[in-house]
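See structure below.
Order of the sequence lines fixes the chain letters, A, B, ..., with proteins taken first and strands second; residue numbering starts at 1 for each chain.
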Amino acid sequence: MAKEGITPRAKDYSQWYLDIVRGADLADYAEVVRGCIVFKPTGYAIWEAIQRGLDERIKATGHVNAYFPLLIPKSFLMKEAEHVEGFAPEVAEVTRAGGEELAEPYVIRPTSETIIGYFYAKWVRSWRDLPLLINQWANVMRWEMRTRPFLRTTEFLWQEGHTVHADHDDAERETLMILNEVYADFVEKDMALPVLRGIKTEKEKFAGALRSYAIEAMMQDGRALQAGTSHNLGQNFAKAFDITYADKNNQVQHAWTTSWGVSTRLIGATIMGHSDDDGLVLPPRLAPIQVVIIPIYKSDAEKATVMEAIDRITAEWRGKLRFHVDTRDHLTPGFKFNEWEIKGVPLRMEVGPKDVQKQSVALAQRIIFDGPAIEGRKPKSFVPQAGLAEHVTMLLEQIQQGLYQRALKFREEHTFKAANYDELKERVEKGFVRCWWAGSRHDEEQIQEETKATIRVIPNEQPRGKGKCVYTGKEAEKIAVFARAY
RNA sequence: CGGGGCGUAGCGCAGCCUGGUAGCGCACCUGCCUUGGGCGCAGGGGGUCGGAGGUUCGAAUCCUCUCGCCCCGACCA
């Protein structure tokens with residue numbers, strides 16, 4: 001039974017998603033600016049948690065943060081042929097400033113390879129300057145046709161890493177390291193969503209890249225969502241922007257660059273990946289509030305003793321757990337239970353007069369994994385106040401793991417094999433389809449036309465041997481994963 | 001950008017066909033009452049009916065234009 005105001009997932013997945021976003025108060029439509037949203041405090045807090053988890057990993061792998069201008073001279077965009085073609089249709093331009101027409105328009109960055117390339121050309125002189133490993137946290141703008149909160153907005157927030165290397169292998173190493181040790185590690189551990197790691201086909205790769213890699217997560221309707229990409233840009237941008245260095249033999253060489261990014265789309269992935277008909281479900285590691293505490297009382301005297309107990313219990317929580325005490329007096333406990341469930345707080349603690357007396361508290365999980373809720377309600381457990389911080393920490397970790405396992409199971413149950421095109425067409429409606437692939441870019445376009453599905457990745461992990469291509473029937477060496485994508 | 005739907009109070013909607021001084025539920029405010037699963041009762045506040053123009057004595061309602069949102073496609077982090 002869905003919560004009031006939330007369309008059931010099974011009935012209308014899109015509307016369900018929008019209901020979750022609205023119900024949990026994550027965002028507001030910025031109706032005065034096309035395709036933009038306001039990240040409301042709870043939605044932004046999720047982004048901050050994502051930033052923390054990623055920034056930590058980005059720095060742990062040797063990168064530093066910097067910041068480059070929002071505006072890019074339009075001519076910069078034109079320097080890399082494929083890049084222009086890929087991004088020109090969706091850039092916004094600034095043509096007037098200071099009350100005058102500009103001699104050369106600026107574009108609002110849709111991504112920063114070009115302007116960063118310009119500066120890297122000035123900074124890189126010698127092999128001793130390499131690798132250059134910089135990340136930036138920024139906003140970008142892309143005039144997309146159709147937008148939806150977090151998943152695709154005109155302006156969005158992201159991080160974009162831009163690195164320079166001496167040779168192909170070092171750039172390739174960086175690209176794969178970011179995909180595995182930064183992105184996949186973060187999404188699987190902190191967001192609790194399993195991902196497929198692999199390489200993109202020619203059709204799907206980044207405009208201007210030599211090769212693109214990606215991690216792909218499955219949403220609860222069986223569609224794929226690209227959770228992060230990492231590009232080996234080869235020497236394309238180095239040549240366009242003249243990023244050169246003197247090697248050990250004093251020979252001038254073009255450098256090799258990479259770029260990689262994840263965006264506020266990850267907020268959407270988290271929502272879509274875990275939530276249910278009762279509202280938002282957040283993995284504890286990303287939840288702005290991990291434990292909400294509801295005091296229960298009938299009189300001022302009771303309130304005083306209950307609040308005193310809460311203060312005593314939470315005194316040792318500071319710095320360890322993110323918690324919130326809901327002291328609103330005009331709302332009943334039942335109302336608060338429902339509200340915090342819609343908002344996705346992983347754990348609720350109730351403290352009432354009986355608990356004070358028994359030195360206990362009542363705990364209720366937002367989501368349980370071992371059986372159905374009792375009469376639509378989450379079962380509560382009564383636990384002693386002694387050692388509560390450890391118990392709560394353990395429960396949160398259990399929930400984190402439980403969410404990952406549940407998502408993994410869902411993905412496995414919605415991943416199919418296809419030996420021929422008919423099977424592919426039928427099964428890709430329901431989830432991921434793994435099949436042998438030896439087709440061309442044109443074949444892939446044809447399949448997209450007919451099925452709306454694309455190759456999300458050629459997974460890194462491949463079975464031994466060869467097979468028959470699902471489309472052309474030719475001998476194939478690789479398995480591809482097809483899916484409809486967000 | 002193509003197809004479809006919709007803009008009326010913070011939210012969800014009725015009213016429009018057949019023009020006549022704008023309504024319902026929830027939320028909000030005040031008081032009393034209540035508080036371990038969406039309390040109750042009473043009183044109250046809140047609207048240039050998305051915007052502009054037109055028809056008319058009179059427009060939420062009819063006509064034209066326009067802006068925006070949602071859904072489905074094509075494009076994408």
Provide the distance between the two [atom1] atoms, one in [N] and one in [M], to the nearest whole Å.
{"N": "B/rA14", "M": "B/rA9", "atom1": "C1'", "answer": "14 Å"}
{"N": "B/rG23", "M": "B/rU34", "atom1": "C1'", "answer": "31 Å"}
{"N": "B/rG51", "M": "B/rG47", "atom1": "P", "answer": "14 Å"}
{"N": "B/rA60", "M": "B/rG3", "atom1": "P", "answer": "31 Å"}
{"N": "B/rA27", "M": "B/rC67", "atom1": "P", "answer": "38 Å"}
{"N": "B/rU35", "M": "B/rG40", "atom1": "C1'", "answer": "12 Å"}
{"N": "B/rG15", "M": "B/rA59", "atom1": "C1'", "answer": "14 Å"}
{"N": "B/rU61", "M": "B/rG19", "atom1": "P", "answer": "12 Å"}

So, using side-chain hydrogen bond (donor to acceptor under 3.5 Å, both in side chains) as the criterion, who are the partners of A/R109 when residues are at least two apart?
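If we apply the side-chain hydrogen bond (donor to acceptor under 3.5 Å, both in side chains) test to A/R109, skipping adjacent residues, the hits are A/Y67, A/N139.
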
State which residues pass side-chain hydrogen bond (donor to acceptor under 3.5 Å, both in side chains) with A/E80; sequence neighbours excluded, sorted by chain then number.
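With sequence neighbours excluded, A/E80 shows a side-chain hydrogen bond (donor to acceptor under 3.5 Å, both in side chains) to no residue whatsoever.
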
Identify the nucleotide, in any strand shown, that forms a Watson-Crick or G-U wobble pair with [N], with both distances under 3.5 Å; if there is none, say none.
{"N": "B/rC16", "result": "none"}
{"N": "B/rG68", "result": "B/rC6"}
{"N": "B/rC75", "result": "none"}
{"N": "B/rC32", "result": "B/rG40"}
{"N": "B/rC11", "result": "B/rG25"}
{"N": "B/rG46", "result": "none"}
{"N": "B/rU55", "result": "none"}

Contacts of type ring pair (Phe, Tyr, Trp, His ring centres under 6.0 Å), residue A/F410, not counting sequence neighbours
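Residues passing ring pair (Phe, Tyr, Trp, His ring centres under 6.0 Å) with A/F410: A/H414.
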
Show your reasoning for whether ring-ring contact (aromatic ring centres under 6.0 Å, His included) applies to A/W340 and A/H324.
CA-CA 11 Å; A/W340 291 110; A/H324 171 74; 5.4 Å; yes

Under 3.5 Å, is there a donor-acceptor pair between the [X] and [Y] side chains?
{"X": "A/K200", "Y": "A/Q226", "result": "yes"}
{"X": "A/E172", "Y": "A/Y213", "result": "yes"}
{"X": "A/H63", "Y": "A/E174", "result": "yes"}
{"X": "A/E450", "Y": "A/Y421", "result": "yes"}
{"X": "A/N232", "Y": "A/T258", "result": "no"}
{"X": "A/Q448", "Y": "A/K203", "result": "yes"}
{"X": "A/D25", "Y": "A/T42", "result": "no"}
{"X": "A/H231", "Y": "A/S212", "result": "yes"}

Nearest-Å distance, [atom1] ([X]) to [atom2] ([N])?
{"X": "A/I296", "N": "B/rU34", "atom1": "CD1", "atom2": "C1'", "answer": "14 Å"}
{"X": "A/L331", "N": "B/rA27", "atom1": "CG", "atom2": "C1'", "answer": "11 Å"}
{"X": "A/D300", "N": "B/rC33", "atom1": "CG", "atom2": "C1'", "answer": "14 Å"}
{"X": "A/N338", "N": "B/rG38", "atom1": "CG", "atom2": "P", "answer": "8 Å"}
{"X": "A/D28", "N": "B/rG68", "atom1": "CG", "atom2": "P", "answer": "17 Å"}
{"X": "A/R328", "N": "B/rG38", "atom1": "CZ", "atom2": "C1'", "answer": "12 Å"}
{"X": "A/K303", "N": "B/rU35", "atom1": "NZ", "atom2": "C1'", "answer": "11 Å"}
{"X": "A/I6", "N": "B/rC11", "atom1": "CD1", "atom2": "C1'", "answer": "14 Å"}

Stacked cation flag A/R348 on A/F337, 6.0 angstrom / 45 deg
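Judged by the rule, A/R348 and A/F337 form a cation-pi pair.
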
Is A/R211 salt-bridged to A/E202, going by a charged N under 4.0 Å from an acidic O?
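A/E202 and A/R211: not salt-bridged.
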
If you look at every strand shown and take non-hydrogen atoms under 4.0 Å, does A/G35 touch a base, only sugar-phosphate, or nothing?
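Sugar-phosphate only.
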
Using heavy atoms and a sub-4.0 Å distance, could you list which residues of residues 339-361 of chain A are near RNA chain B? By number, please.
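Those residues whose heavy atoms fall under 4.0 Å from RNA chain B, taken from residues 339-361 of chain A in numerical order, are A/E341, A/I342, A/R348, A/E350, A/G352, A/P353, A/K354, A/D355.
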
Below 4.0 angstrom, which residues in residues 280-289 of chain A have at least one non-hydrogen atom near RNA chain B?
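Output list: empty, so none.
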
When the nearest nucleotide of RNA chain B is assigned to A/G334 and to A/R22 on a heavy-atom basis, which residue is associated with the more 5' position?
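The 5'-side residue here is A/R22.
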
Reading nucleotides 71-77 of chain B from 5' to 3' and marking B where a protein heavy atom lies under 4.0 Å of the base, S where only the sugar-phosphate is that close, and - otherwise, the string is SBBBBBB

